[in-house]
Amino acid sequence: MRHTLPNAPQFYVTAPQPCPYLHGRAERKLFTALAGDAGQTLNNVLSRQGFRRSQNVLYRPSCESCVACMSARIRVRDFAPSRTQRRLARRNAALVRTATSAWSTEEQYELFRRYLDDRHADGGMADMDVFEFAAMIEETPVRTRVVEYRDPPAGDLTRADGELRAVCLTDVLDDGLSLVYSFYDPALAEASLGTYMILDHVDMARAAGLPYVYLGYWVPGSRKMAYKARFGALEIYKGGVWQDLGDPQAHEADIHPLSVDPIVEQVARIDLPLD
């Protein structure tokens with residue numbers, strides 16, 4: 001179904017699908033195309049209103065009977081790593097980070113496949129081939145970087161760099177860094193590379209003078225998303241405003257059908273960039 005505002009992007013709603021985060025629930029997304037000269041501006045503005053990018057689409061959960069998914073971001077200025085986070089940052093300090101243009105490689109895809117087969121073999125991306133992977137990385141109308149993490153060179157004259165261990169597809173917004181998708185070597189589970197990449201993005205945002213690191217959606221009651229609540233200075237987009245997470249369990253009571261507003265009202269409240 002299409003929903004349109006005057007002189008504005010057109011918004012659509014997907015058909016309900018099984019929810020990947022909460023068993024027995026169905027997910028539905030509100031989305032709009034991201035293209036043209038105004039793409040970067042639209043990505044900036046809608047990201048501040050809980051939207052996320054996937055290739056050339058911006059989307060936000062708009063489920064019929066649930067409001068569990070809440071966009072989450074770290075307030076860089078106030079963030080202080082926990083003792084555990086400081087320890088794993090030291091453990092991974094030898095990794096070499098490089099940021100390149102949004103271009104996929106066979107090496108990235110091989111790591112991506114190992115990650116999916118080990119961690120998400122029954123997920124929605126399980127059947128993604130190399131061409132679909134390339135589209136995920138390269139089809140971006142906005143400012144996007146591929147951040148790679150490698151082992152330091154080991155003196156092997158046949159290689160100019162070390163083994164690829166982790167990758168993060170990152171959008172550069174006007175107010176922060178947005179982690180679009182990340183994956184890592186599943187053989188290094190104890191290294192907590194997913195957490196490490198978030199910590200490193202906080203460092204990058206701080207160095208660039210950007211106030212936020214956007215982490216995607218946090219879902220109370222979902223074990224898959226529980227790790228995001230372990231980051232300090234975490235804000236969630238709830239009720240149309242950004243607010244401190246506070247006690248994570250306090251948000252579980254808000255997951256009920258009466259919290260859902262009609263799609264027309266949701267679209268009407270979206271603030272769009274001025275022409």
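Note that the structure is predicted; figures quoted are calculated from it, not measured. Throughout, residue positions are numbered sequentially from 1 according to the sequence presented.
Residue E138 comes nearest to S104 through the heavy atom pair OE2-OG, 2.7 Å, listed as atom of the first residue, atom of the second, then distance. The two residues M225 and V219 make their nearest non-hydrogen contact at CB-N, 3.7 Å. Across every non-hydrogen atom of P152 and V96, the tightest pair is CA-CG2, 4.0 Å. When every heavy atom of E132 is checked against every heavy atom of D127, the shortest pair comes out as OE1-O, 3.6 Å. Residues N44 and D174 approach most closely at OD1-N, 3.0 Å, considering heavy atoms. Summarising the geometry of L111 relative to A166, their closest heavy-atom pair is CD2-N, 3.8 Å, with the distance given to 0.1 Å.
To the nearest 0.5 Å, the span separating CD1 on I198 from SG on C168 amounts to 8.5 Å. Separating the CG atom in L272 from the CG atom in L42 is a distance of 7.0 Å, to the nearest 0.5 Å. To the nearest 0.5 Å, atom CG of residue D118 and atom CG of residue L116 are 10.0 Å apart. Here CG of L179 is found 4.5 Å from NE2 of H201. Values are rounded to the nearest 0.5 Å. D171 CG to Q40 CD: the interatomic distance, rounded to the nearest 0.5 Å, is 7.5 Å. Atom-to-atom distance recorded for L193:CG and S182:OG is 10.0 Å, nearest 0.5 angstrom.
Counting heavy atoms from C-beta outward, L177 and V172 have side chains that approach closer than 4.5 Å. Contact check for P248 versus W218: side-chain heavy atoms found under the 4.5 Å cut-off. Under the 4.5 Å side-chain criterion, counting only non-hydrogen atoms from C-beta, F51 is in contact with L30. Using a 4.5 Å heavy-atom cutoff, the side chains of Q49 and R60 are in contact. L234 places a side-chain heavy atom less than 4.5 Å from the side chain of L215. In this structure the side chain of L199 reaches within 4.5 angstrom of the side chain of F79, judged on heavy atoms. Put simply, the side chain of V147 reaches to within 4.5 Å of the side chain of M204, judged on heavy atoms. A heavy-atom distance below 4.5 Å is found between the side chains of V146 and Q108.
By the 30° and 60° cut-offs, the orientation of the rings of F183 relative to F133 is perpendicular. Taking the six-membered ring where tryptophan is involved, the planes of Y217 and Y59 are tilted, since the angle between them lies from 30° to 60°. Between F112 and Y109, the angle of the ring planes lies from 30° to 60°, which puts this pair in the tilted group.
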Point to revise | Q266/S62 under side-chain contact (heavy atoms from CB on, under 4.5 Å): CA gap, chis, key distance, verdict | key: CA-CA 9 Å; Q266 294 179 39; S62 180; 3.0 Å; yes

Exercise for review: Test S54 against V180 for side-chain contact (heavy atoms from CB on, under 4.5 Å), laying out the working first.
Suggested key: CA-CA 7 Å; S54 177; V180 177; over 6 Å; no

Practice item. For side-chain contact (heavy atoms from CB on, under 4.5 Å), just list the numbers for F231 and V202, CA-CA rounded to whole Å, side-chain angles, deciding distance to a tenth of an Å, and then say yes or no. Key: CA-CA 11 Å; F231 288 88; V202 172; 5.9 Å; no

Exercise for review: In sequence, state the C-alpha distance, the side-chain angles, and the governing distance for E163 and D185, and then conclude on side-chain contact (heavy atoms from CB on, under 4.5 Å).
Suggested key: CA-CA 10 Å; E163 188 78 17; D185 189 342; 5.6 Å; no

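Side-chain atoms of S178 and R73 include no donor-acceptor pair closer than 3.5 Å. Looking at Y149 and N92, their side chains never bring a donor and an acceptor atom within 3.5 Å of each other.
Each of P61, P20, C69 was checked for a side-chain contact (heavy atoms from CB on, under 4.5 Å) with E27, and the lone residue meeting it is P20.
Heavy-atom contacts from other residues, nucleotides or ligands closer than 6.0 Å to CZ of R28 number more than 12. Crowding of Y21 atom OH: a count of heavy atoms from other residues, nucleotides or ligands under 6.0 Å not exceeding 12.
Between D271 and R48, no side-chain nitrogen of the basic residue sits less than 4.0 Å from a carboxylate oxygen of the acidic one, so the salt-bridge criterion is not met. The pair R113-D117 meets the salt-bridge criterion, with a side-chain N (NZ, NE, NH1 or NH2) lying under 4.0 Å from an Asp/Glu carboxylate O. Taking 4.0 Å as the cut-off between side-chain N and carboxylate O, D203 and R206 count as a salt-bridged pair.
Cluster partners of L173, using a side-chain heavy-atom cutoff of under 4.5 Å among ILVMFWY residues and allowing indirect links, are Y212, Y214, Y237, W242.
When the side chains of ILVMFWY residues are joined at heavy-atom separations under 4.5 Å, either directly or via intervening members, V241 and V267 end up in two distinct hydrophobic clusters. Under the 4.5 Å side-chain heavy-atom criterion for Ile, Leu, Val, Met, Phe, Trp and Tyr, W103 and V167 are members of distinct hydrophobic clusters.
Side chain of E139 to backbone of N56: no donor-acceptor contact under 3.5 angstrom is found. In terms of modelled atom types and a separation under 3.5 Å, the side chain of R53 and the main chain of T140 share no donor-acceptor contact. Judged by distance alone, with hydrogens and angles left aside, the side-chain atoms of T32 form a donor-acceptor pair with the main-chain N or O of Q10 at under 3.5 Å.
Taking the salt bridge (charged side-chain N to carboxylate O under 4.0 Å, His left out) definition, one finds that E265 meets it with R269, sequence neighbours left out.
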